[in-house]
Amino acid sequence: MSKEITPRAQDYSQWYNDLVIKGSLADYSAVRGCMVIKPYGFALWENMRDVLDKMFKDTGHQNAYFPLFIPKSLFEAEEKNAEGFAKECAVVTHYRLKTDPNNKGKLIVDPEAKLEEELVVRPTSEAIIWNTYKGWIQSYRDLPILVNQWANVVRWEMRTRLFLRTAEFLWQEGHTAHATKEEAVIETKKMLEVYADFVENWMALPVIKGVKTANERFAGAEDTYCIEAMMQDGKALQAGTSHFLGQNFAKAFDVKFSDKNNNLEYVWATSWGVSTRLIGALVMAHSDDQGLVLPPKIAPLQVVIVPIFKGDEQKAAIDAKVTVMMAELKALGVSVKYDDSDNARPGWKFAEHEMKGVPVRIAIGARDLEQNIVEVARRDTKEKANASIDGIGLHVKHLLDEIQQNIFNRAKAFRDDHITEANNWEEFVELLDNKTGFISAHWDGTPETEDKIKEQTKATIRCIPLDNKQEAGTCILSGNPSTQRVLFARAY
RNA sequence: CGGGAAGUGGCGCAGGCCGGUAGCGCAUCUGGUUUGGGACCAGGGGGUCGCAGGUUCGAAUCCUGUCUUCCCGACCA
């Protein structure tokens, strides 16, 4: 099997596909736009999910599960939300197949089994959840409701890409209900912070926290907060969103509560989500031409040990040492695998584990045993160094921390180096054409201007950064006055 | 959905124009030698050529339809 990866410089898209497939994260399937997540990729997702799930629970949320199908009449209740997703909904219209009388052994949809009402396969769950919340909420004492769901959703995209945009994807969606606007806004921002914390400190991916413009806002939201990450080709990738939904869904589904003064009020809402798309972000942000580079804190496997030996005697001596090292590493909470399979030679194993992004590789051979050392190779820099077997556990544990930090620093340095200010239209266009990355520029605040810029350059406003510096300026396109810079980029 | 490319043993490809019953490399299996950056020798197994029709004595090859994938757009997390 060819294991060569297309170099980034040659074809960035192909490089990405190669990483996902040859790194054993996922595979194409027989289903249009849908991928198979392979065990290694799913282990990565499980690690991410577990950390996030704990963070949600630590902030007071509980998990629940709502139906995959949403009756069309419920789905259309919140008009903007429905409109926003209408173009990409899969719809169930029948509930039965039957054998084809004209074609033996084949099945056809039974025309007599047409549903009274079509079912929309959820592209997001606000509708079914708010329809449910109506029954849960009568009094201010029932609030807040802090619920999260881990689920799959379907969005029938025109063009799909592994992890970045698939017709079906896995995600979590938090849906909360509150008595006051203030509380809902606080919740929205809190969850944005949780996402930023997770993506930066676990995935080692620096993000910019911000607010979306009206054009880029979630359908049905009053405000969409987001974290934006930069990929190695300079394009932006929305890594997570947290929406303040106002009372839109409460009004659409008639969810009211009695407050302390016995006034009937509409409930305030938020929703927030991250998806398997984060895996795509991870791959594109850190990896290189040799394969994946995974942050130790969420890597399915942190350390691999490769023996190098001639004959059974040497193997036995190495095995004995490795057993001790493995115990030491495991006691420190490090995940480690001893790759002593006999069907591949060391060089092949080295390449294979680099491809899969295992953060640390330990090689141990007969001549190392004599000196009581091993060769420790780190994936992020590909540096190799000898280390004493005594105290190897702590040494590796510290190295994993260092790798985690280094991957983050590297990504952050790249990102900071690729955010450039543009002060007029010529500079803006020049930067887009000649330097990849984000552009910080003044904008007059109107959707019309934003649309025109998108039309002419394919660049969109990724966000208005939170805590943005206020400064007087003029819009790069219209020349109208502006009070702050916003971030533009071409995006995934 | 528009433009381009592609689908042939597990993977990567050749063959196709000019129809005659499928080949190469890697992987795999057996035996042996090997093992400090993707080993070598010898022998073996595995494919109704994406799917469905059609033309023909005969189709991987020609025709029609269809599905899927990749790249570039429009749409989007």
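Computed from a predicted model, the values in this text were never measured in an experiment. Numbers restart at 1 for each chain; the letters A, B, ... are given by sequence-line order, proteins then strands.
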(request) With C1' as the reference atom in both, quote the distance from B/rU28 to B/rG12 in angstrom, rounded to an integer. (result) 15 Å
(message) I need the CD-C1' distance between A/Glu352 and B/rA27, as an integer number of Å.
(response) 13 Å
(message) Between C1' on B/rA27 and CH2 on A/Trp348, what's the gap in Å once rounded to a whole number?
(response) 10 Å
(request) Can you check whether any acceptor in the base of B/rG36 is under 3.5 Å from a donor in the side chain of A/Lys384, or vice versa? (result) no
(message) Considering every strand and a 4.0 Å limit on heavy-atom distances, what is the contact class for A/Arg32: base, sugar-phosphate, or nothing?
(response) sugar-phosphate
(request) Starting at atom CG of A/Asn343, determine the distance to atom P of B/rA39, rounded to an integer number of angstrom. (result) 12 Å
(request) Determine, for A/Trp171 and A/Arg155, whether the Lys NZ or Arg CZ falls below 6.0 Å from the six-membered ring centre while staying within 45 degrees of the axis. (result) yes
(request) Ignoring hydrogens and angles, answer whether the base of B/rG37 and the side-chain atoms of A/Arg361 contain a donor-acceptor pair closer than 3.5 Å. (result) yes
(request) Whole angstrom is fine here: how far is it from CD1 in A/Ile373 over to P in B/rG36? (result) 17 Å
(message) Heavy atoms from C-beta onward define the side chain here; which of B/rU69, B/rG37, B/rU35 lies closest to that of A/Ala351?
(response) B/rG37
(request) Round to the nearest Å and state the distance from A/Asp312 atom CG to B/rU35 atom P. (result) 13 Å
(request) Tell me what A/Val31 touches on the nucleic acid: a base, only sugar-phosphate, or nothing, going by heavy atoms under 4.0 Å. (result) sugar-phosphate
(request) Ignoring hydrogens and angles, tell me if any N or O in the side chain of A/Arg165 forms a donor-acceptor pair with the backbone of A/Arg277 under 3.5 Å. (result) no
(request) Among A/Glu200, A/Glu193, A/Gln238, A/Lys209, find the residue that satisfies the side-chain contact (heavy atoms from CB on, under 4.5 Å) test when tested with A/Ile227. (result) A/Lys209
(request) Would you mind classifying the nucleic acid contact of A/Tyr28 as base, sugar-phosphate or nothing, using non-hydrogen atoms under 4.0 angstrom? (result) sugar-phosphate
(request) Cation-pi check, A/Arg462 to A/Phe438: give yes when NZ or CZ is under 6.0 Å from the six-membered ring centre and within 45° of the ring axis, no otherwise. (result) no
(request) Report yes if the side chains of A/Cys463 and A/Tyr225 come closer than 4.5 Å at any heavy-atom pair, otherwise no. (result) no
(request) Would you indicate which nucleotide in B/rG38, B/rG36, B/rC70 comes nearest to any side-chain atom of A/Met355? (result) B/rG38
(message) Across nucleotides 72-77 of chain B, 5' to 3', mark each nucleotide with B, S or - according to how protein heavy atoms within less than 4.0 Å reach it.
(response) BBBBBB
(message) Ring centres under 6.0 Å, that's the criterion: do A/Phe488 and A/Phe428 meet it?
(response) yes
(request) Using both pair distances under 3.5 Å as the test, note the stems of at least 3 consecutive Watson-Crick or G-U pairs that include RNA chain B. (result) B:1-7 with B:67-73, B:10-13 with B:23-26, B:28-33 with B:39-44, B:50-54 with B:62-66
(request) Assert yes or no for the condition that the ring centre distance of A/His61 to A/Trp272 is strictly below 6.0 Å. (result) yes
(request) Answer yes or no: is there a donor N or O on one side and an acceptor on the other, between the side chain of A/Gln232 and the main chain of A/Ser287, under 3.5 Å? (result) yes
(request) Could you give the distance separating B/rG20 and B/rA39 at their P atoms, to the nearest angstrom? (result) 40 Å
(request) Starting from C1' on B/rU34, measure out to NZ on A/Lys315 and report it in whole angstrom. (result) 16 Å
(message) Could you check whether A/Phe85 and A/Phe218 have their ring centres less than 6.0 Å apart?
(response) yes
(message) Let's test your reading of the model: under 3.5 Å, does the base of B/rG37 pair with the side chain of A/Glu354 as donor and acceptor?
(response) yes
(message) If we check side-chain contact (heavy atoms from CB on, under 4.5 Å) with A/Ile407, which of these qualifies: A/Asp380, A/Thr381, A/Leu282, A/Leu294?
(response) A/Asp380
(request) Examine B/rC71: is either OP1 or OP2 under 4.0 Å from a nitrogen or oxygen in the side chain of A/Asn17? Give yes or no. (result) yes
